[in-house]
There are 2 protein chains.
Amino acid sequence: MKETRLGDFEETLLLLVGILDMEAYAFKIAEEFESQTTRATSIGAVHSTLNRLSEKGFLTSEMGASTAARGGRRKRIYTITASGQRTLEASRDFKVSLWNQFPAFAGAKLNFNV
Amino acid sequence: MKETRLGDFEETLLLLVGILDMEAYAFKIAEEFESQTTRATSIGAVHSTLNRLSEKGFLTSEMGASTAARGGRRKRIYTITASGQRTLEASRDFKVSLWNQFPAFAGAKLNFNV
DNA sequence: CTCATTTCCTACTAAAAAGTAGAACATATT
DNA sequence: AATATGTTCTACTTTTTAGTAGGAAATGAG
């Protein structure tokens, strides 16, 4: 069982997929990324990262139905796998645990019903 | 102002420095890392990462006084800089914000007095 | 004095993550 | 038919992060 780790950008995209749910397709994800951060991205970077996440088994995807709207290549909708979700949770739990031990962050109350 | 980002391992070490406080020297940090995770490290990896964090301006360090204990090279004590702390906070806030938007994590209660 | 012990340090390599460039496809509008 | 629009896709390069190997300093104990 190889330890597979997540990069910064990867983790954010994975979370965005979870947030966007049925709207999680590359273009939208890129837009959402830019709107939630101050960082710029490129659609290419998003695509290659989504690929990497899929290879790691954290995402699956399938082509959506074609819409009636103008402009029309079909969207590929991404979904988090169980493994992706577990990784996200582990990452969260670990971070929360460290934050709670860091006195400078002590003011924050982090209560999880895990 | 170049955007300086943190890797996974870097962020963990930075947090460990904050947690260990006056005890934050490379050897101890490496031990603490191993005790808080299931991952193994090497002292060399820790050293080179601490160096990188220092170059990025997230850490400073100075040699501590020599102790009376057996074995004796003096310890280099690391301290988080204001910039390091801000980066850590920004990273935390961003992550918490995403988690809160992710329905699968909705059960968690994250209250910050930020 | 010599050895074991605790620690630091750096140059280098390897691996992984991020980003770029450029092509292409499907549909609607004109 | 031509063009604009919204979107996917991949091979490749660059940059960054992580890890390795090997050396060395300082001190106490024997």
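Naming convention: chains lettered A, B, ... in sequence-line order (proteins, then strands); numbering from 1 in each chain.
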(Q) Tell me if the side-chain of B:R76 makes a donor-acceptor pair with the base of C:dC8, cut-off 3.5 Å, by modelled atom types. (A) no

(Q) Taking donor-acceptor contacts at under 3.5 Å, does the side chain of B:R73 reach the base of C:dT6? (A)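 Counting by modelled atom types and ignoring angles, no donor-acceptor contact under 3.5 Å is found here.
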
Could you give the [atom1]-to-[atom2] distance, from [X] to [N], as a whole number of Å?
X	N	atom1	atom2	result
A:L50	D:dT7	CG	C1'	13 Å
A:R74	C:dA24	CZ	P	20 Å
B:K75	C:dT5	NZ	P	17 Å
B:M63	D:dA24	CE	P	17 Å
A:Y78	D:dC9	OH	C1'	9 Å
A:H47	C:dA24	NE2	C1'	12 Å
A:E55	C:dA18	CD	C1'	14 Å
B:R52	D:dT20	CZ	C1'	14 Å

Can you tell if the side chain of [X] reaches within under 4.5 Å of the side chain of [Y], non-hydrogen atoms only?
X	Y	result
B:T81	B:Q85	no
A:L59	A:L13	no
B:W99	B:F102	no

(Q) Under the side chain to side chain donor-acceptor pair (under 3.5 Å) definition, can you give me all pairs with a residue in residues 15-34 of chain B, not counting sequence neighbours? (A) B:E32-B:Q36

Q: Hey, could you give me each pair passing side chain to side chain donor-acceptor pair (under 3.5 Å) that has a residue in residues 5-16 of chain A? Not counting sequence neighbours.
A: A:E3-A:R5, A:D8-A:R39, A:E10-A:R52, A:E10-A:K56, A:E11-A:S91

Q) What residue pairs, at least two apart or across chains, pass salt bridge (Lys or Arg N to Asp or Glu O under 4.0 Å) with a residue in residues 81-90 of chain A? A) none

**Q.** For A:T79, all residues meeting side-chain contact (heavy atoms from CB on, under 4.5 Å), sequence neighbours excluded
**A.**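 By the side-chain contact (heavy atoms from CB on, under 4.5 Å) rule, A:T79 matches A:T60.
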
**Q.** Heavy-atom pair of closest approach, residues A:L14 and A:L53
**A.** N-CD1, 4.2 Å

(Q) Regarding A:S48, tell me which of base, sugar-phosphate or nothing describes its non-hydrogen contacts under 4.0 Å with the strands shown. (A)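 The residue A:S48 makes base contact.
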
Q. For DNA chain C, which residues in residues 5-18 of chain A have a heavy atom at a distance below 4.0 Å?
A.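 Residues of residues 5-18 of chain A under 4.0 Å from DNA chain C: A:R5, A:G7, A:D8, A:F9, A:E10.
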
Q: Can you sort out which residues in residues 22-46 of chain B have a heavy atom within less than 4.0 Å of DNA chain D? Ascending by number, please.
A: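 Within this stretch, B:S42, B:G44, B:A45 sit under 4.0 Å of the strand.
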
Q.
Among B:V17, B:L50, B:T4, B:I80, which residue satisfies the side chain to side chain contact (heavy atoms under 4.5 Å, CB included) criterion with B:F58?
A. B:T4

